[in-house]
Amino acid sequence: MNKKVCDLILTKKTQLNHDNYLLELQSKEPLSAINPGQFVNVLIKDASSTFLRRPFSVHEVIYATNSIVILVKTVGEGTYKLVEAELGDKIDVVFPLGNGFSLPKKDEKILLIGGGVGIAPMMQMGRESKEARAEVHFLLGARSAKDQILIDEFKQHGSVHLTTNDGSMGVEGFVIHHPIFSKKEGFDRIYCCGPDPMMHAVAKKAKALSIDCEVSLENMMACGFGVCLCCVTKTNEGNKCVCTDGPVFNIKDLEWQI
Amino acid sequence: MNKKVCDLILTKKTQLNHDNYLLELQSKEPLSAINPGQFVNVLIKDASSTFLRRPFSVHEVIYATNSIVILVKTVGEGTYKLVEAELGDKIDVVFPLGNGFSLPKKDEKILLIGGGVGIAPMMQMGRESKEARAEVHFLLGARSAKDQILIDEFKQHGSVHLTTNDGSMGVEGFVIHHPIFSKKEGFDRIYCCGPDPMMHAVAKKAKALSIDCEVSLENMMACGFGVCLCCVTKTNEGNKCVCTDGPVFNIKDLEWQI
Amino acid sequence: MADLKVKIHKLELKNPVMTASGTFGNGVEFDDFINVSDLGGILLKGTTLHHREGNDYPRMAETPSGMLNAVGLQNKGVDYFCESIYPNVRKYNTNVVVNVNGSTIEEYIALTERINELDDIDAIELNISCPNVKEGGMAFGTSCPMAEQVTKEVRKVYNKTMIVKLSPNVTNIAEIDKAVEFQGADSVSLVNTFLGMAIDAESRKPLLSTITGGLSGPAIKPIALRMVWQVAQAIKVPVIGMGGIMNATDAIEFMLAGATAVQIGTANFIDPKIAIKIVKGIEEYAQRHNIHQISDIIGELQM
Amino acid sequence: MADLKVKIHKLELKNPVMTASGTFGNGVEFDDFINVSDLGGILLKGTTLHHREGNDYPRMAETPSGMLNAVGLQNKGVDYFCESIYPNVRKYNTNVVVNVNGSTIEEYIALTERINELDDIDAIELNISCPNVKEGGMAFGTSCPMAEQVTKEVRKVYNKTMIVKLSPNVTNIAEIDKAVEFQGADSVSLVNTFLGMAIDAESRKPLLSTITGGLSGPAIKPIALRMVWQVAQAIKVPVIGMGGIMNATDAIEFMLAGATAVQIGTANFIDPKIAIKIVKGIEEYAQRHNIHQISDIIGELQM
Ligand SMILES: Cc1cc2nc3c(=O)[nH]c(=O)nc-3n(C[C@H](O)[C@H](O)[C@H](O)COP(=O)(O)OP(=O)(O)OC[C@H]3O[C@@H](n4cnc5c(N)ncnc54)[C@H](O)[C@@H]3O)c2cc1C
Ligand SMILES: Cc1cc2nc3c(=O)[nH]c(=O)nc-3n(C[C@H](O)[C@H](O)[C@H](O)COP(=O)(O)OP(=O)(O)OC[C@H]3O[C@@H](n4cnc5c(N)ncnc54)[C@H](O)[C@@H]3O)c2cc1C
Ligand SMILES: Cc1cc2nc3c(=O)[nH]c(=O)nc-3n(C[C@H](O)[C@H](O)[C@H](O)COP(=O)(O)O)c2cc1C
Ligand SMILES: Cc1cc2nc3c(=O)[nH]c(=O)nc-3n(C[C@H](O)[C@H](O)[C@H](O)COP(=O)(O)O)c2cc1C
Ligand code: FES
Ligand code: FES
């Protein structure tokens with residue numbers, strides 16, 4: 001699982017909706033094992049305002065073709081430039097980075113919560129959890145029906161539950177408002193990635209229900225491999241780097257006021 | 001002849017040899033008159049090292065289609081990016097800039113000398129000089145045969161004489177070594193654009209032969225329209241801006257040691 | 001529509017957007033592109049008592065997100081200014097400010113006295129921060145006693161709005177600003193360019209004839225913003241902020257840091273319409289944030 | 001093949017490329033990417049006597065051609081360093097330099113004494129220029145008497161190579177460098193980061209928890225280059241240059257300006273292999289220009 005910096009080839013690009021794209025990046029050399037929840041750090045070329053690399057979660061790993069798929073939401077110059085890349089283009093990537101989620105045990109019932117583009121790491125996590133024979137549930141939150149993407153793909157790895165802020169698809173409200181939390185038979189583990197307020201709310205819920213919970217943070221990063229110390233979050237053991245000690249943390253280790 | 005800043009559309013792109021391209025840029029609005037020797041200043045988008053615009057001589061004006069053609073030699077990030085533009089792309093241009101050459105009178109015999117990409121302004125100058133019924137001769141200098149471009153196009157406006165440094169096409173040597181200068185019937189005017197040492201050599205020759213001579217300078221520019229005062233050259237009347245008082249100067253006004 | 005008016009001492013600005021000295025020519029060069037009178041004010045190019053040829057070519061080098069210049073205050077002197085430039089710029093329905101430069105205190109005074117006679121010039125900007133002239137210039141702006149003295153002496157002969165433009169090439173900019181304020185400046189403007197240098201590795205030569213020159217553009221924005229913030233906290237007179245402003249967001253940032261108005265410099269070279277675009281952008285920002293008076297955001301950085 | 005060796009006091013560098021403190025972790029983070037021993041030297045991350053948590057998140061903001069950081073010297077203190085880091089870095093066959101930081105002169109001394117005991121550490125870099133700590137840090141580097149004093153006191157307890165790293169946030173950097181040289185520094189390194197600031201116009205909040213932070217990257221290169229040139233002319237000990245070096249050409253420029261060696265900082269974040277690439281690029285430059293000893297170009301700016 002050595003880190004490397006190299007050019008991957010863009011072999012597939014799929015636009016999912018107005019602002020989400022799947023990019024499939026192929027390595028010439030075989031991929032070593034990548035954990036669900038790890039991320040890659042991409043150099044954006046030819047953009048005048050992107051000086052630093054841009055981090056993206058590993059959405060899927062296709063070992064058969066040595067490919068990594070990332071899900072990119074366009075929010076600024078870097079992501080707009082990235083999704084403009086054409087098939088065959090070389091993309092300069094540092095990977096794999098970060099720790100990744102801890103996999104569930106056989107027969108455990110787990111809830112994978114993704115909010116917005118925070119759904120990205122949950123595809124690979126869902127697949128590997130299913131392969132580990134856990135019972136996988138996805139809870140995907142979005143603003144509106146048009147922002148709900150990849151539902152069929154998630155269904156291949158588990159059952160899918162949806163919320164939208166405006167109620168246009170699934171349950172109206174935020175993910176924590178979903179009735180799945182009030183079911184009697186609870187979850188063994190919750191995994192969550194999404195906007196900070198959402199992760200806080202989920203963590204609070206998990207704590208109240210005494211469910212083991214991991215969250216994947218998206219702190220601003222300069223290097224992505226543990227040398228700049230810019231991406232820290234407060235933990236019981238002091239400041240830790242989200243890029244190396246994370247991005248995945250167990251909420252019991254974080255100093256969140258929940 | 002008001003200056004404007006606006007988007008022109010790239011309607012045609014022709015690669016002439018390994019490092020020279022013709023770009024045809026079309027204006028939605030009718031073009032007002034542009035003088036041969038004037039230039040345009042192009043914004044290079046999506047390049048990380050090009051902060052300022054890049055100036056290019058007007059190579060041809062096609063009033064019928066409201067188009068300006070520029071000849072671009074790739075030398076750095078800006079020019080490489082520019083020639084990567086695709087048909088239909090918007091190119092942000094400030095134009096027309098500078099003074100331009102003084103047109104010859106009817107029946108005058110003129111020599112238009114271009115060295116390297118300095119041939120750029122000579123096409124439109126040749127055309128308009130011919131239209132003014134002058135006798136037009138081009139003297140085009142390049143390193144080697146493969147760098148001699150657009151010969152047939154120049155032939156439409158006058159007779160063409162060539163030099164190459166390695167003798168692979170035309171006379172071997174620099175432009176001033178061409179026997180055309182030793183002919184008895186001399187030229188009424190010489191116009192020249194090219195590398196600085198070449199323009200100095202031509203100016204010296206013209207002075208020796210007492211021929212009126214205009215040169216087009218390519219000083220480094222920040223603004224291109226006379227406000228930064230960065231592009232100056234020394235003249236009899238002190239420092240003058242190459243972008244507004246030039247790029248074309250009569251050699252008798254310049255403080256060149258020739 | 002938001003009220004964009006701001007006030008710099010006696011100057012009423014219809015909006016906080018001015019253009020920076022040396023980057024806007026004498027305004028007239030922009031007539032083809034924009035309606036100059038729509039700006040809050042314009043700063044004319046640096047003027048001296050006598051004609052100056054400026055430095056030798058090359059005077060410019062592009063740098064990452066910026067440029068170096070070594071113009072060296074080329075201008076035709078105050079006589080020419082009064083006769084040939086003033087008649088053209090007085091027509092603008094905006095604040096026209098002359099950027100005043102000297103090699104000695106006497107020169108600053110003599111020049112200011114001449115400008116004082118011009119009815120339609122309501123303010124001067126005392127440039128004690130030019131890095132590109134050998135004598136005077138930056139030497140005044142990097143030493144407290146000198147900055148104080150020139151401000152004090154010029155104040156004696158000038159009753160209209162006096163803006164003092166300070167050098168960023170100092171350890172503690174707020175200290176010098178305080179000194180200058182104490183001597184009667186009605187406003188301070190900052191930053192001027194940072195002393196920098198560029199070398200061509202192939203020829204091993206400096207890229208500027210003067211070896212060093214002044215760095216401007218977005219590269220310096222973070223430092224300029226910090227200085228404006230520090231100065232605005234230290235002094236009471238209005239601060240005019242500049243340094244790498246390329247768009248309305250940048251301008252808003254300077255205002256939040258404490259600038260009452262901003263100046264647009266190098267950006268004018270890249271887009272001759274930029275100053276007007278920034279006025280519009282500020283208006284849109286105000287609308288989006290439900291701000292009725294843009295002056296309400298001055299110094300309103302939330303901490 | 002050109003001889004790339006240079007000498008910084010007693011340190012023999014196999015090539016002039018070092019990595020800058022705080023941008024190279026403890027070197028081991030780069031083992032996956034490069035052979036660290038191929039570098040001229042590495043500067044470990046800033047160390048203090050006691051454990052420091054550093055500043056709160058957010059500590060970073062991207063800027064045009066650069067970045068601001070406000071790490072605040074997070075590190076586990078010298079005990080941890082000696083026990084857990086030193087054993088891992090002494091293996092490198094290159095010069096491993098510890099970046100020494102203190103809030104008081106006593107802290108600088110106590111820390112240096114500990115480092116002095118480590119056989120395989122042949123040099124310290126005295127950081128008197130960190131803009132991101134409240135006490136000490138930059139205050140030492142921006143005042144001549146303080147810079148002199150800390151240099152002098154640390155010199156008394158340290159006989160190996162002592163490099164002093166100075167603050168660029170000063171009016172006259174050469175003056176401070178001279179003072180430091182006078183007090184026995186064997187070399188000076190510059191520049192540290194420039195104090196800057198970034199604001200989010202939408203939320204009206206600073207982008208850094210500490211409001212201001214240190215600017216690094218290509219944006220500062222022209223200023224850094226000028227400072228290195230000025231300092232190299234003013235002092236006799238070798239200068240180590242840095243500030244925005246992204247490629248071999250940049251490195252050569254610093255050497256032409258007078259740097260004996262260079263440090264690569266922020267560029268490491270963008271390309272973890274960059275330092276080695278720069279070594280190769282310098283070698284190519286030497287070959288292309290028929291330079292047998294790279295040390296021949298130090299200070300060879302043609303004017
Ligand atoms: C570990 C990690 C994994 C990530 N995974 C994904 C992913 O799978 N898919 C995806 O689309 N995005 C992901 N992101 C976020 C992604 O990196 C940013 O959206 C991207 O860097 C924005 O670049 P830009 O140039 O387009 O926007 P910019 O112009 O840089 O920024 C646009 C806006 O987004 C904000 N922003 C940028 N980065 C972050 C961040 N890290 N946290 C909070 N706000 C930010 C900026 O402050 C700004 O307001 C991840 C981030 C991290 C740290
Ligand atoms: C009035 C004028 C008219 C011009 N007309 C043409 C034209 O018709 N066709 C054409 O191809 N080019 C022309 N040029 C030159 C053209 O502007 C430059 O080649 C271009 O700006 C280089 O940009 P870049 O980003 O590709 O290279 P950069 O990376 O900026 O530079 C590459 C190399 O070229 C050098 N260089 C760049 N600009 C100049 C310059 N103005 N003078 C001397 N050296 C320079 C740089 O120092 C560097 O060594 C003209 C320049 C001027 C001032
Ligand atoms: C080419 C050029 C010429 C300048 N001339 C002057 C001048 O004459 N007087 C002055 O006070 N400032 C002068 N400046 C400094 C600008 O007014 C401004 O302070 C500086 O460029 C920073 O702003 P910017 O980054 O927006 O350009 C000049 C700047 C440039 C780029
Ligand atoms: C994230 C970060 C942390 C830094 N930490 C230190 C430090 O601990 N000690 C120090 O002397 N300099 C520190 N620096 C400054 C660098 O060593 C270097 O002086 C500066 O970044 C300029 O070089 P650059 O532009 O190549 O990055 C740090 C810089 C960055 C970006
Ligand atoms: S991003 Fe640099 S340490 Fe995490
Ligand atoms: S390029 Fe600005 S005045 Fe000529």
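Numbered from 1 within each chain, the chains take letters A, B, ... in sequence-line order.
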Name the region of [X], side chain, backbone, both or neither, that has any atom closer than 4.5 Å to a heavy atom of chain D.
| X | value |
| --- | --- |
| C:Y285 | side chain |
| C:S209 | neither |
| C:T63 | side chain |
| C:A61 | neither |
| C:L225 | both |
| C:L68 | side chain |
| C:E202 | both |

Rounded to the nearest 0.5 Å, what separates atom [atom1] in [X] from atom [atom2] in [Y]?
| X | Y | atom1 | atom2 | value |
| --- | --- | --- | --- | --- |
| C:S203 | D:L256 | OG | CG | 9.0 Å |
| C:I199 | D:K221 | CD1 | NZ | 8.5 Å |
| D:L215 | C:I223 | CG | CD1 | 5.0 Å |
| C:D200 | D:Q302 | CG | CD | 11.5 Å |

Would a 4.5 Å heavy-atom cut-off, applied to side chains only, mark [X] and [Y] as touching?
| X | Y | value |
| --- | --- | --- |
| D:W229 | C:T212 | yes |
| D:V228 | C:M197 | no |
| D:I211 | C:M303 | yes |

Checklist entry - Which region of D:A257, side chain (C-beta onward) or backbone (N, CA, C, O), has a non-hydrogen atom less than 4.5 Å from a non-hydrogen atom of chain C, or is it both or neither? => result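 When you check distances to chain C, atoms from both the backbone and side chain of D:A257 fall under 4.5 Å.
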
Next on the checklist: If I compare all heavy atoms of D:I297 with all of C:R204, which pair ends up nearest, and what's the gap?
Outcome noted: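 Heavy atoms of D:I297 and C:R204 come nearest at CG2-NH2, 3.9 Å.
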
Next on the checklist: Testing the basics here: between D:I252 and C:A201, what is the closest heavy-atom pair and its distance to 0.1 Å?
Outcome noted: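 Minimum heavy-atom separation between D:I252 and C:A201: CG2-CB, 3.9 Å.
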
Checklist entry - Among D:G196, D:P222, D:G66, who wins on heavy-atom pairs under 4.5 Å with chain C? => result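 Top count of heavy-atom pairs under 4.5 Å with chain C: D:P222.
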
Checklist entry - Given the rule in the side-chain contact (heavy atoms from CB on, under 4.5 Å) test, do D:L207 and C:E253 qualify, once you have shown the distances and angles that lead to the verdict? => result CA-CA 11 Å; D:L207 284 173; C:E253 288 168 26; over 6 Å; no

